[in-house]
Amino acid sequence: MDRSEEPPPEPLTKPKKKFLSFEWKAWQIGIIVFFTTTLVVRSSILDWSWIPSDSMSPTIVEGDIILNNKMAYDFRVPFTSWRFYRNDPQRGDIASFRSPENNMGLIKRVIGIPGDTVSMKHGVIFLNGEPMSYHPLPRELFQDAPPRFFDHAQFWEELLDDKPHNIMFIPGAPLILRNIPDITVPKGHYFMLGDNRDFSRDSRMYGFVKRDQFTGQATSVLFSFGLKDKFEPRVDRFFHALR
């Protein structure tokens, strides 16, 4: 056969194109696996929430990013309501749940569990007829508290089931609701309050929270940024355990 009739040699760039195609497919698989894993983790194991309000100050402040343990109360099959196990919230827990009003995600503190009788007199919580213990705290300990409240806020340590946590009151606040009569928490429900007692929409307004509305327990601050201070990081709050 005449050499002039031989087919031309394969282009040298063809193997490179095959390699690039293989590499892109590998990247696609990696991206899909990453996002699928992230969705599964956030659905059933751990989630994080950005806090846009001061209703849980001074414990959680505006601009905190909170780690939410979704296995604290239920371990669900991802993207379903099926559970492997079920633990109930306890008094003093900082829990995430769906609002009975509008199904929005909220974070508040568990005060009353099923069967408890709860009341409030001048801001003091009575649990099953017994007043909770309170101790005043110096304002200087709460530099991360909301600036608009800081100058006239009162900070207290509140003791619930021998577990201390910090709360704040705002004297003269327009939304004060410091007195509620005796109410008994029904079966399968919980009474929730924000730690910023005078600027929190909670069970005093929308009533009890059903057990099935809980989505996890807030355990720590991952990161924190001053939303009204050019998003400056508040490094002292990074990886800060909540109580």
**Report entry** Matching residue for Asn128 among Thr184, Asp116, Asp182 - test: side chain to side chain donor-acceptor pair (under 3.5 Å)
**Finding:** Asp116
Requested in this report: Could you tell me whether Arg197 and Glu158 have a side-chain N and a carboxylate O separated by less than 4.0 Å?
Outcome: yes
Query raised in the report: What's the shortest heavy-atom distance between Arg98 and Asn103, and which atoms?
Result: CD-O, 3.2 Å
Query raised in the report: With a 3.5 Å cut-off and no angle check, do the side chains of Asn69 and Thr219 form a donor-acceptor pair?
Result: no
Report summary line: For Pro164 and Leu159, the nearest pair of non-hydrogen atoms, with its separation, is N-CD1, 3.6 Å
Query - side chain to side chain contact (heavy atoms under 4.5 Å, CB included) between Arg109 and Asp202, intermediate numbers included - result: CA-CA 9 Å; Arg109 191 177 297 277; Asp202 45 41; over 6 Å; no
Query - Any donor-acceptor N or O pair under 3.5 Å, side chains Lys70, Thr215 - result: no
Query raised in the report: Using the ring of each side chain (for Trp, its six-membered ring), is Phe199 parallel, tilted or perpendicular to Phe149, with breaks at 30° and 60°?
Result: tilted
**Report entry** Side chains of Asn68 and Ser49, donor plus acceptor under 3.5 Å
**Finding:** no
Requested in this report: Find out whether Ile51 and Ile65 are in side-chain contact, i.e. whether some heavy atom of one side chain is under 4.5 Å from a heavy atom of the other.
Outcome: no
Report summary line: Correct closest heavy-atom pair for Met56 and Leu193 would be SD-O, 4.2 Å
Query raised in the report: Within a radius of less than 6.0 Å around NZ of Lys163, do more than 12 heavy atoms belonging to other residues, nucleotides or ligands occur?
Result: yes
Query raised in the report: So, Phe239 versus Phe223, ring centres under 6.0 angstrom or not?
Result: yes
Report task. Scan side-chain atoms only and decide if Asn196 and Asp54 contain a donor-acceptor pair under the 3.5 Å cut-off. Result -> no
Requested in this report: Spell out, as yes or no, whether a donor-acceptor pair under 3.5 Å connects the side chain of Arg139 to the backbone of Phe150.
Outcome: yes
Query raised in the report: For the ring pair Phe97 and Tyr190, is the centre-to-centre distance below 6.0 Å?
Result: no
Query raised in the report: Does Asp195 pair with Lys108 as a salt bridge, N-O distance under 4.0 Å?
Result: no
Query raised in the report: Quick one: are Asn166 and Phe142 in side-chain contact, heavy atoms under 4.5 Å?
Result: yes
